[in-house]
Asks: 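Structure in structure tokens, see below.
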Amino acid sequence: MNLIEGNINGAGKKVAIVASRFNEFINAKLIDGARDCLVRHGAADNDITLIRVPGAFEVPFAAAKAVDAKKFDAVICIGTVIRGDTSHYEFLSAEVTKGVAALAMRAAIPVVYGLVTTENLEQAIERAGSKAGNRGWDAAMTALEMMDLNSKKI
């Protein structure tokens, strides 16, 4: 069997991180995790571009702009949606997920879903660097592997 998989190496790679400002206290930790992962694996700090948007709903739009700019080797999408007392959570998380997925299917570069969707604040905190690791770091690891895989002939 032939095996094709990506390696983890950010050297020379340009990455856009598109991040929501809403729930900033969580997203800041996710951004830090993604940046730390990229830099620790060879990416230059000045090759990482942070694009801020008001909320999670705006992430797919800005991510599409980053893809269309043709300046990046990958786009990492970061945001946090926490369930509240209304049905807003279901609509928002579903539409953001669909938007990022649709973009990932058409993009010529990896578009990585690094959004956190949780039932409560405690779960969000757990996914931003405590018990459940850091979803930003995880998304950056995915981006690193997929950038390398994207460069290989399949």
Side-chain angles (χ1 to χ4, degrees), residues 5-8 10 13-41 43 45 47-150:
E5 63 183 352
N7 295 310
I8 308 298
K13 301 295 185 188
K14 295 190 183 306
V15 179
I17 299 172
V18 178
S20 167
R21 284 191 304 272
F22 196 79
N23 290 317
E24 176 62 20
F25 57 101
I26 300 295
N27 295 334
K29 301 263 188 226
L30 300 175
I31 293 165
D32 289 346
R35 181 189 163 276
D36 184 39
C37 177
L38 293 168
V39 170
R40 283 183 191 238
H41 290 91
D45 198 43
D47 284 339
I48 302 168
T49 300
L50 178 60
I51 302 166
R52 299 307 302 261
V53 297
F57 191 77
E58 292 76 29
V59 168
F61 172 80
K65 297 283 283 181
V67 166
D68 293 344
K70 300 186 185 321
K71 294 177 8 181
F72 303 104
D73 297 298
V75 176
I76 300 171
C77 301
I78 290 179
T80 304
V81 183
I82 302 170
R83 183 179 298 279
D85 295 330
T86 69
S87 58
H88 180 73
Y89 170 86
E90 281 86 8
F91 297 118
L92 184 62
S93 56
E95 293 309 312
V96 171
T97 300
K98 285 184 215 173
V100 173
L103 177 60
M105 294 302 293
R106 78 154 174 91
I109 61 170
V111 176
V112 179
Y113 185 88
L115 283 95
V116 172
T117 56
T118 63
E119 295 295 317
N120 54 52
L121 179 59
E122 182 179 303
Q123 289 177 348
I125 292 168
E126 288 173 358
R127 286 157 181 79
S130 67
K131 291 182 191 177
N134 185 303
R135 185 66 185 113
W137 174 284
D138 296 343
M141 284 296 284
T142 298
L144 288 165
E145 183 173 347
M146 292 304 294
M147 284 186 290
D148 188 63
L149 183 65
N150 193 35

Asks: D148 and side-chain contact (heavy atoms from CB on, under 4.5 Å): which single residue from N7, I8, D73 fits?
Replies: N7

Asks: Is the backbone N or O of V39 less than 3.5 Å from a side-chain atom of D45, with the two atoms forming a donor-acceptor pair by type?
Replies: no

Asks: Using side-chain heavy atoms (C-beta onward) and a distance below 4.5 Å, is V15 in contact with M147?
Replies: yes

Asks: Kindly say whether I26 contributes a backbone atom to a donor-acceptor pair with the side chain of N23 at under 3.5 angstrom?
Replies: no

Asks: Within the side chain of R135, is there an N or O that forms a donor-acceptor pair under 3.5 Å with the backbone of Y113?
Replies: yes

Asks: Show the nearest heavy-atom pair for residues V112 and A139, with the distance to one decimal.
Replies: CG1-O, 3.4 Å

Asks: Can you name the nearest heavy-atom pair linking L50 to A19, along with the distance?
Replies: CD1-CB, 4.0 Å

Asks: Check whether any side-chain N or O of N27 sits under 3.5 Å from a backbone N or O of I78 as a donor-acceptor pair, and report yes or no.
Replies: no

Asks: So which atom in A107 and which in V111 form the shortest heavy-atom distance, rounded to 0.1 Å?
Replies: CB-CG2, 3.8 Å

Asks: Which pair of heavy atoms, one from V116 and one from A124, lies closest together, and at what distance?
Replies: CG1-CA, 4.2 Å

Asks: Report yes if the side chains of I82 and T118 come closer than 4.5 Å at any heavy-atom pair, otherwise no.
Replies: yes

Asks: Find out whether T117 and Y89 are in side-chain contact, i.e. whether some heavy atom of one side chain is under 4.5 Å from a heavy atom of the other.
Replies: yes

Asks: Say you draw a straight line from CD of E95 to CD of E90; how long is it, rounded to the nearest 0.5 Å?
Replies: 12.0 Å

Asks: Using a strict threshold of under 4.0 Å (side-chain N to carboxylate O), is an ion pair present between D47 and K14?
Replies: yes

Asks: Mind checking salt bridge (Lys or Arg N to Asp or Glu O under 4.0 Å) for E24 and listing every partner two or more places apart, or none if nothing turns up?
Replies: R52

Asks: Could you grab the distance from atom NZ of K13 to atom CG of L38, nearest 0.5 Å is fine?
Replies: 12.0 Å

Asks: May I ask you to test the T49-F72 pair for a side-chain heavy-atom distance under 4.5 Å?
Replies: yes

Asks: Run the salt-bridge test on D36 and K29 with the 4.0 Å N-O cut-off and return the result as yes or no.
Replies: no

Asks: List the steps and the verdict of side chain to side chain contact (heavy atoms under 4.5 Å, CB included) for R106 and V67.
Replies: CA-CA 10 Å; R106 78 154 174 91; V67 166; 4.2 Å; yes

Asks: Mind checking the CD1-CD1 spacing from I48 to I31? Nearest 0.5 Å is all I need.
Replies: 11.5 Å

Asks: Would a distance-only check, ignoring hydrogens and angles, find a side-chain to backbone donor-acceptor pair under 3.5 Å from E58 to G55?
Replies: yes

Asks: With the side chain counted from C-beta on, respond yes when L121 and F25 share a heavy-atom pair under 4.5 Å apart, and no when they do not.
Replies: yes

Asks: Might you point out which heavy atoms bring I125 and S130 nearest each other, and give the distance in Å?
Replies: O-OG, 3.2 Å

Asks: Looking only at heavy atoms, which two atoms of A140 and I76 are closest? And how far apart?
Replies: CA-CD1, 3.7 Å

Asks: Rounded to the nearest 0.5 Å, what's the gap from CZ on R127 to CG on L30? Could you check?
Replies: 11.0 Å

Asks: Using the rule given for side chain to side chain contact (heavy atoms under 4.5 Å, CB included), can you reason through L115 versus C77, listing the C-alpha separation, both sets of side-chain angles and the distance that settles it, and then say yes or no?
Replies: CA-CA 6 Å; L115 283 95; C77 301; 3.8 Å; yes

